[in-house]
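All remarks here apply to the structure that follows.
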Amino acid sequence: RPFWGWLNAVFNKVDYERIQAVGPDRAASEWLLRCGALVRYQGYQKWQQDYNGLPTGPLGKYKIEAINATDSCIMYRGFDYLDGLEHVTEIKLQKCIYIQDECLQRLSETKNLQKSLLQLKIISCGNVTDKGIIALHKLTNLEYLYLSDLPGIREKETTVHILQQALPNLELELDLE
């Protein structure tokens with residue numbers, strides 16, 4: 001177990017020179033695929049899942065529109081890769097063992113995501129608590145939030161009320177015990 005944690009930390013280390021060299025979308029694609037997530041580009045229906053099959057072409061041609069991090073090892077340490085992404089409208093975090101409150105806080109403080117992110121699903125992420133969900137209130141354009149199987153959510157009514165006060169246009173779907 002400690003070996004895998006160490007390896008996942010290596011996969012999540014941010015390479016700022018790489019971001020400069022290939023642009024934020026390509027660098028983030030590499031990070032996400034390395035960690036086992038999927039990405040979908042603007043104007044494409046197919047999910048990109050093969051690191052070695054990443055599309056080539058002019059820098060900046062492929063813009064990440066959606067991220068599906070199901071069963072991936074993404075963690076806080078890699079979230080700097082999200083800073084330059086300007087076109088992400090959907091993120092799904094499902095069964096992400098390294099996602100915790102600080103990750104959601106970081107997500108909601110990412111300026112570009114505050115503008116672009118419309119849909120967020122958080123499912124079966126055992127380290128997420130009410131604090132992390134409440135932190136999402138900075139995602140002012142968020143239209144849809146789905147929360148399911150989050151045992152760390154203890155104050156469901158309070159958390160929902162705070163979010164709905166901050167984001168009155170948010171459609172909130174809950175599947176919490």
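Only one option out of Ile19, Val39, Leu85 pairs with Asp25 in a side-chain contact (heavy atoms from CB on, under 4.5 Å); it is Leu85. Exactly one of Tyr51, Tyr62, Tyr41 qualifies for a side chain to side chain donor-acceptor pair (under 3.5 Å) with Ser29. That residue is Tyr41.
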What verdict does the side chain to side chain contact (heavy atoms under 4.5 Å, CB included) test give for Gln48 and Leu33, after you've listed the backbone C-alpha separation in whole Å, the side-chain angles of each residue and the deciding distance to 0.1 Å?
CA-CA 8 Å; Gln48 182 67 43; Leu33 295 178; 3.8 Å; yes
Practice item. Take Tyr81 and Asp15 through the side chain to side chain contact (heavy atoms under 4.5 Å, CB included) test and state the conclusion after the steps. Key: CA-CA 9 Å; Tyr81 279 112; Asp15 183 345; 3.7 Å; yes
Problem set entry | Residue pair Tyr144, Glu173: steps toward the side-chain hydrogen bond (donor to acceptor under 3.5 Å, both in side chains) verdict | CA-CA 8 Å; Tyr144 177 77; Glu173 193 177 337; 2.5 Å; yes
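When hydrophobic clusters are built by joining Ile, Leu, Val, Met, Phe, Trp and Tyr residues whose side-chain heavy atoms come closer than 4.5 Å, directly or via intermediates, Leu136 is grouped together with Ile91. Cluster annotation: Leu118 is not connected to Leu107 through the hydrophobic network of ILVMFWY side chains, with a link wherever side-chain heavy atoms come within less than 4.5 Å. Leu172 and Leu139 fall within a single hydrophobic cluster, where Ile, Leu, Val, Met, Phe, Trp and Tyr are joined by side-chain heavy atoms under 4.5 Å apart, directly or via other members. Both Leu167 and Leu150 are part of a single hydrophobic cluster, where members link through side-chain heavy atoms under 4.5 Å apart. Tracing side-chain contacts under 4.5 Å through hydrophobic residues (I, L, V, M, F, W, Y), one never reaches Leu38 starting from Ile99; they form parts of separate clusters.
At most 12 non-hydrogen atoms from other residues, nucleotides or ligands lie less than 6.0 angstrom from CD of Gln20. Within 6.0 Å of CD on Glu109 lie more than 12 heavy atoms contributed by other residues, nucleotides or ligands.
Looking only at side-chain heavy atoms (C-beta outward), Cys103 and Arg106 stay at 4.5 Å or farther from each other. Counting only heavy atoms from C-beta outward, the side chains of Lys92 and Thr70 approach each other to under 4.5 Å. For the pair Leu104 and Ile133, the minimum side-chain heavy-atom distance is below 4.5 Å. Within the 4.5 Å cutoff, the side chain of Ile134 has no heavy atoms near those of the Thr158 side chain. At least one side-chain heavy atom of Ile67 sits under 4.5 Å from a side-chain heavy atom of Leu82. Side-chain contact between Tyr98 and Asn12: absent, with no pair of heavy atoms (C-beta onward) separated by less than 4.5 Å. Side chains of Lys131 and Gln105 form a contact here, defined as non-hydrogen atoms less than 4.5 Å apart. Between Leu113 and Ser108, every side-chain heavy-atom pair lies at or beyond the 4.5 Å cut-off.
Using a 4.0 Å cut-off between charged side-chain N and carboxylate O, Glu30 and Arg26 make a salt bridge. With salt bridges taken as basic N to acidic carboxylate O contacts below 4.0 Å, one links Glu90 and Arg40. With respect to the salt-bridge test (charged N to carboxylate O, under 4.0 angstrom), the residues Glu86 and Lys63 do not qualify.
Atoms CG and CD, on Leu117 and Glu143 in that order, are 10.0 Å from each other to the nearest 0.5 Å. The line from CD of Glu65 to OH of Tyr44 is 11.5 Å long, rounded to the nearest 0.5 Å. Between atom CD1 of residue Ile74 and atom CG of residue Leu93 there is a gap of 5.5 Å, rounded to the nearest 0.5 Å. Atom CD1 in Ile122 sits 11.5 Å away from atom CD in Gln94 (nearest 0.5 Å). Between atom CG of residue Leu142 and atom CG of residue Leu170 there is a gap of 5.5 Å, rounded to the nearest 0.5 Å. With rounding to the nearest 0.5 Å, the separation of OG in Ser72 from CZ in Phe11 is 12.0 Å.
Summarising the geometry of Ala69 relative to Ala37, their closest heavy-atom pair is CA-CB, 3.8 Å, with the distance given to 0.1 Å. The nearest pair of heavy atoms linking Ile64 to Ala28 is CD1-CB, 3.9 Å. Nearest heavy-atom pair, Cys125 versus Cys96, reported as atom, atom and distance to 0.1 Å: SG-N, 3.8 Å. Nearest heavy-atom pair across Arg77 and Val14 is O-CG2, 3.2 Å.
A donor and an acceptor atom, one from each side chain of Asp80 and Tyr16, are located under 3.5 Å apart. If you check the side chains of Asn68 and Trp47, you find no donor sitting under 3.5 Å from an acceptor.
No donor-acceptor pair closer than 3.5 Å links the side chain of Asn141 to the backbone N or O of Ser116. No donor-acceptor distance shorter than 3.5 angstrom exists from the side chain of Asn127 to the backbone of Gln100, with no hydrogens or angles considered.
Scored by the side chain to side chain donor-acceptor pair (under 3.5 Å) test, Ser124 finds Asp149 as partners (sequence neighbours excluded).
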Can you give me every donor-acceptor pair (side chain of residues 159-166, partner residue at least two apart or in another chain, under 3.5 Å) with its distance?
from	atom 1	to	atom 2	distance (Å)
Thr159	OG1	Asp130	OD1	2.6
Thr159	OG1	Glu155	O	3.0

